[in-house]
Each structure stands twice: as C-alpha cells, then as structure tokens.
Participant: 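Have a look at the structure that comes next, please.
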Protein chains: 2
Amino acid sequence: MPKAVVSEEKRRRRRPTRSGTVLSEHLIIDTALRLLREHGSAGLSARRLGLALDCDPSALYRYFRGMDDLTLAIGDTLIGQALDGWRPTGAWREDLRRLGMRIHTAYVSHPQAAVLTTSRVTGRANELAADEAVLGVLRTAGLAVGEAVRVYHAFIDQTLAFAALDAASLALPNAALRAEDEVWRSTYGHLPAASHPNIAAAAPLLATEMVRSAYPSALELLLDAVAARLVG
Amino acid sequence: MPKAVVSEEKRRRRRPTRSGTVLSEHLIIDTALRLLREHGSAGLSARRLGLALDCDPSALYRYFRGMDDLTLAIGDTLIGQALDGWRPTGAWREDLRRLGMRIHTAYVSHPQAAVLTTSRVTGRANELAADEAVLGVLRTAGLAVGEAVRVYHAFIDQTLAFAALDAASLALPNAALRAEDEVWRSTYGHLPAASHPNIAAAAPLLATEMVRSAYPSALELLLDAVAARLVG
DNA sequence: CTTCTTATGCCAACACAGTTGACCTTACGC
DNA sequence: GCGTAAGGTCAACTGTGTTGGCATAAGAAG
C-alpha cells in the first residue's frame with residue numbers, strides 16, 4: 001500500500017497492466033463513471049473497477065487513497081464538466097441562471113455518480129473555480145461582500161440540494177423505480193377521500209407533476225430575491 | 001428466511017430472544033437510530049444491530065425484508081416525529097413555515113439517519129399524512145388544485161433537499177469533519193488573491209456563513225412566492 | 001548499451017458486510 | 001395438554017474495502 005499517493009503531474013513511470021492498458025487518474029474516473037451508469041450507484045466497487053480496467057483492485061490505491069478519495073475526484077470531475085465552456089457575459093442574472101442550470105444538469109446527467117458526491121466538499125480545483133465564479137458574478141453585479149456570501153451560500157446549497165434530490169430519483173435501479181411508480185399510482189391514487197381528501201383530489205396531477213424537477217422555479221425565486229436587493 | 005414479513009399488528013407470538021429481550025419493529029428502529037447516532041451513518045449494519053439487540057442478525061429478517069426496508073421505516077419514523085403535535089391553525093403562512101421547519105429539524109436532529117432516508121419515497125403512513133397536511137394547508141389558503149400541487153412539489157422537495165444537505169455535513173464523522181473544516185480554513189483561507197480574488201476577499205465571511213443552514217431563508221422566499229400568487 | 005532504483009502492478013489475506021436455508025424451540029390457539 | 005407454526009439461532013455463501021510483501025519493468029544515469 002502506498003503511504004502517499006503520487007499526484008498525477010509527478011507521475012513518471014507509466015507501467016502497463018498485465019493486459020496492456022496503462023492506468024491513469026483520468027482513465028480510472030472515466031471507467032468509474034461508466035460502471036456507475038451501467039450498474040447503479042451501488043455498483044461501483046474496487047473489485048468491479050479492477051475487473052473493468054483489467055487490473056488488480058489494489059492497483060487503484062496507487063492513484064487514490066481509497067474509494068472515498070476516488071468518490072471526491074468523481075465529484076470534482078462533474079463540476080468541471082459543468083464549468084467547461086462557461087464564461088461570464090456581464091449580465092449577472094443570465095450568468096447565474098446558466099451556472100445553476102449547468103451544475104444541476106451536470107449532476108443530473110450522471111445521477112448515480114451525483115448521489116455519491118453532491119454533499120461533499122472537496123476543495124479540489126474545479127470546485128474552487130465554481131465558487132470563485134459565483135462570487136465573482138455576485139460582486140460585479142454590485143453586491144457587498146457580506147451579502148454576496150449569503151446569496152452564494154443559498155445559491156450553491158440550493159443547486160446542490162436539488163441536484164442531489166433529482167439525481168436520487170433518477171438513480172434508482174429499475175426495480176425500485178417501478179416500485180416507487182407503483183407507490184404513487186396505487187397508494188396515492190386509491191387513497192380513500194375520507195381520510196386523505198386533499199391527496200385524493202390532487203392524485204392525477206401529482207403523478208405528472210412529481211416527475212419534473214422543481215429546481216428551475218426555485219432558481220428563479222432566488223434570482224428574484226437577488227434582483228430585489230440590487231434595486232433596494 | 002421468511003417469505004413475507006408479518007405486519008406489526010398481526011404479530012402474535014412474542015418470543016423472547018436468548019438473552020430475554022422481546023423484539024419489535026419499534027425496538028429495532030429505536031436501536032438502529034441509537035447506533036446511527038453513536039457510530040455514524042455507516043455504522044448501521046445487520047450484525048451490529050444484532051449485537052446491540054443481543055439477537056442473531058438474521059432475526060431482523062422476521063421484521064423487515066432487508067436493511068433497505070428498515071431504512072425506509074426509519075425515515076417514516078422521522079417524519080412521524082416532525083408531525084407529532086402539529087395542528088393547522090388556519091393561518092396558512094405560519095402553518096407552512098412551522099411544517100417546513102419541523103420536518104427540517106426532525107431530519108437534521110438525526111443527521112446520520114437523515115442521510116440514509118431523505119431521498120426515498122416510502123408511501124408509509126406518516127409520509128402520507130405529511131403530504132396530506134401540506135396539500136390541505138395550500139388548498140384552504142385558496143389555491144386551486146393545480147397550483148397547490150406545484151407549490152407542494154417545490155415545498156416538499158426544497159425541505160427534503162436542504163434537510164439532506166444540512167444533515168450530510170452534520171453527519172460526517174469527526175475525522176472527516178475536521179478535515180472539511182481544515183479544507184475551508186487552509187485551502188479557502190490561503191488561496192492566492194491573484195487566481196481567486198473573490199474567494200480571497202470573502203474568506204473570513206465564508207468560514208462563518210457556511211456553518212449555518214440556508215433553509216430558513218430559502219423557505220421564506222418560497223412563502224413569498226405563494227403569497228404573491230394568492231393576492232394576484 | 002548496461003546498470004540501478006524505485007514506481008507500480010499483482011497476490012494473498014484480513015475483517016467486515018448482507019442475505020439465505022435449515023433447524024429447533026417454545027408461545028399460543030384450541 | 002397438544003399441535004402448529006412463528007420466530008430465534010446457526011452456519012455458510014458471496015461480495016466489500018483495505019493492507020503488506022513481493023516481483024518486475026520503466027526510466028534515469030553512466
């Protein structure tokens with residue numbers, strides 16, 4: 001076992017695995033994302049990863065301190081994807097909306113990975129870049145530092161929170177998914193109006209509404225609040 | 001292994017375990033909550049639960065279909081605690097605020113358990129009661145069914161999402177907690193102003209702000225939006 | 001081109017997890 | 001009291017993360 005993991009830049013020796021492939025942080029993370037997509041958020045394991053990469057599971061410990069460390073790296077990769085290509089235009093509201101939607105989208109498009117990473121603070125490069133971007137937009141919009149920090153907090157937490165929730169429902173394995181659908185239709189749909197009048201009345205609407213994400217509307221609410229502070 | 005689990009009401013035989021204690025759904029859930037609090041969200045396992053209850057791990061399968069089923073039951077217990085004692089007063093805004101804060105508080109006061117359960121739809125009794133309560137408040141406030149459902153969706157998702165996020169940071173084991181604190185202070189605190197000017201400027205405020213939950217302010221924003229719809 | 005060092009892949013083993021099937025004992029309904 | 005079956009127990013299976021020791025080949029040095 002390595003005492004300390006060699007950082008990717010310092011890595012010199014590129015020894016191929018027995019089957020010929022050459023490992024790297026990037027390759028490992030990519031394969032992990034594939035495994036997560038194919039086998040669900042519980043389908044990522046050191047042994048399965050070793051199988052997919054055709055290497056011994058313990059080889060992974062030369063690249064990450066453990067599975068948890070790998071998880072954080074995956075999370076940072078997602079943020080990186082969200083930020084890729086984003087540039088501030090100067091129109092704060094549009095910038096912030098795009099940023100929020102991009103982060104939300106990046107997580108939700110890898111639901112199984114998102115489930116594992118949304119609520120972790122990594123301090124890695126891409127996460128820092130995202131924080132810097134949000135704070136930058138808010139301050140150039142005209143907010144004082146203190147207010148910018150408060151809004152930043154609400155913004156980033158709300159985005160991650162909804163991403164986590166939306167990802168969680170997308171990440172459910174097919175069986176559980178059908179089970180939850182069944183719960184909505186059978187339990188909620190056939191609830192006696194005597195005991196649960198409001199659910200009974202809303203049942204058909206519930207089934208369609210609960211599929212969509214509530215994030216876009218929540219985001220607009222937050223942007224409205226920021227706008228109010230800027231004029232006031 | 002039991003083909004189907006006997007529901008708690010139908011349970012007749014109360015056979016004591018070898019050490020004398022008599023098992024029950026309630027006792028098992030309580031013990032599980034204790035284990036979660038004491039050993040963190042990864043500290044709940046069938047074997048440890050068996051040890052704490054002084055019974056064989058496989059005995060649990062007479063009460064729950066598996067660890068996942070137990071998890072859902074724990075979640076429903078938390079919602080039950082949140083609802084316990086809540087009554088609608090007729091003042092919709094106050095009712096909704098109290099409901100939101102109660103649910104958020106219930107989850108956050110069992111962070112380790114919340115991490116496991118926040119994003120699961122169970123269809124169990126207490127969850128149904130909570131949904132019925134929210135829809136009831138919104139409709140008696142004067143919202144049409146369609147709008148009530150949309151607001152209900154945003155409300156419940158937002159509450160659970162923030163609960164999950166806030167719980168996650170509270171649930172981190174001490175070591176990881178210190179590590180994240182370290183990340184905030186060292187990484188964010190000593191970031192060169194050249195590359196990350198906005199984080200550098202906001203660093204002292206970030207450290208204090210990021211400890212608080214952003215839920216209360218997010219909740220007020222949502223209530224404002226509902227109020228706007230009611231007058232319009 | 002040879003030699004040396006050490007990074008890094010591989011192997012075997014550990015303790016822990018969830019889950020199951022067979023067994024057996026004992027509480028309860030009659 | 002008796003018969004039944006609920007439910008606690010045991011042993012075993014597969015899968016997990018992680019580690020220490022070992023072997024080998026990549027790349028630096030000469």
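Letters go in sequence order (proteins before strands), and every chain restarts at 1. None of these values were measured; they are calculated from a predicted model.
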Participant: Listed by chain and number, what are the side chain to side chain contact (heavy atoms under 4.5 Å, CB included) partners of A:Ala133, not counting sequence neighbours?
Facilitator: A:Trp86, A:Leu99

Participant: Strictly below 4.0 Å: does A:Arg15 bring a side-chain N or O up to OP1 or OP2 of D:dT24?
Facilitator: no

Participant: Could I get the full list of salt bridge (Lys or Arg N to Asp or Glu O under 4.0 Å) partners for B:Asp68, not counting sequence neighbours?
Facilitator: B:Arg120

Participant: Measure from CG on A:Asp56 to P on C:dA13 and round the result to the nearest Å.
Facilitator: 14 Å

Participant: By side-chain hydrogen bond (donor to acceptor under 3.5 Å, both in side chains), which residues pair with B:Arg98, not counting sequence neighbours?
Facilitator: B:Glu94

Participant: Going by salt bridge (Lys or Arg N to Asp or Glu O under 4.0 Å), name the residues that satisfy it together with B:Arg124, two or more places apart in sequence or in a different chain.
Facilitator: B:Asp69

Participant: Provide, to the nearest angstrom, the distance between the CG atom belonging to B:Leu53 and the P atom belonging to D:dG7.
Facilitator: 16 Å

Participant: When the distance from NE2 of B:His39 to P of C:dC16 is rounded to whole Å, what number comes out?
Facilitator: 13 Å

Participant: Between B:Arg18 and C:dC24, is there a contact of a side-chain N or O with OP1 or OP2 at under 4.0 Å?
Facilitator: no

Participant: Could you label the plane-to-plane angle of the B:Tyr215 and B:Phe162 rings as parallel, tilted or perpendicular, counting under 30° as parallel and over 60° as perpendicular?
Facilitator: tilted

Participant: Kindly list each side-chain donor-acceptor pair under 3.5 angstrom involving residues 21-39 of chain B, sequence neighbours excluded, with atom names and distances?
Facilitator:
residue: B:Ser24; atom: OG; partner: B:Leu27; partner atom: N; Å: 3.1
residue: B:Thr31; atom: OG1; partner: B:Leu27; partner atom: O; Å: 2.7
residue: B:Arg34; atom: NE; partner: B:Glu38; partner atom: OE2; Å: 3.4
residue: B:Arg37; atom: NH2; partner: B:Ser109; partner atom: O; Å: 2.8
residue: B:Arg37; atom: NH2; partner: B:His110; partner atom: ND1; Å: 3.2

Participant: Please list all pairs passing the salt bridge (charged side-chain N to carboxylate O under 4.0 Å, His left out) test where one or both residues lie in residues 151-164 of chain B, with sequence neighbours left out.
Facilitator: none

Participant: Which part of the nucleic acid does B:Ala59 contact within heavy-atom distance under 4.0 Å: base, sugar-phosphate only, or nothing?
Facilitator: base

Participant: Looking at C:dT25, C:dC10, C:dC23, which one has an atom nearest to any side-chain atom of B:Arg62?
Facilitator: C:dC23

Participant: Nearest whole Å is fine: how far is C:dC10 C1' from A:Leu49 CG?
Facilitator: 16 Å

Participant: Atom pairs under 3.5 Å, N or O on each side, protein against nucleotides 14-18 of chain D: can you list them with distances?
Facilitator:
residue: D:dT16; atom: OP1; partner: A:Ser45; partner atom: OG; Å: 2.9
residue: D:dG17; atom: OP1; partner: A:Ala46; partner atom: N; Å: 3.2
residue: D:dG17; atom: OP2; partner: A:Ala46; partner atom: N; Å: 2.7
residue: D:dG17; atom: N7; partner: A:Arg47; partner atom: NH1; Å: 2.5
residue: D:dG17; atom: O6; partner: A:Arg47; partner atom: NH1; Å: 3.0
residue: D:dG17; atom: O6; partner: A:Arg47; partner atom: NH2; Å: 3.4
residue: D:dT18; atom: OP2; partner: A:Tyr61; partner atom: OH; Å: 2.8
residue: D:dT18; atom: OP2; partner: A:Met67; partner atom: N; Å: 2.9
residue: D:dT18; atom: O5'; partner: A:Tyr61; partner atom: OH; Å: 3.2

Participant: Could you give the CG-to-C1' distance, from B:Leu23 to D:dT9, as a whole number of Å?
Facilitator: 12 Å

Participant: Test of understanding: with side-chain hydrogen bond (donor to acceptor under 3.5 Å, both in side chains), list the residues that count as partners of B:Thr118, not counting sequence neighbours.
Facilitator: none

Participant: CG of B:Leu60 versus C1' of C:dA17: gap in Å, rounded?
Facilitator: 14 Å

Participant: For A:Phe64 and C:dG9, give me the distance from atom CZ to atom C1', rounded to whole Å.
Facilitator: 16 Å

Participant: Is the shortest side-chain heavy-atom distance between B:Leu70 and B:Leu49 below 4.5 Å?
Facilitator: yes

Participant: Taking only N/O atoms, report every protein-nucleotides 2-6 of chain C pair under 3.5 Å with atom names and distance.
Facilitator:
residue: C:dT6; atom: O2; partner: A:Arg13; partner atom: NH2; Å: 2.6

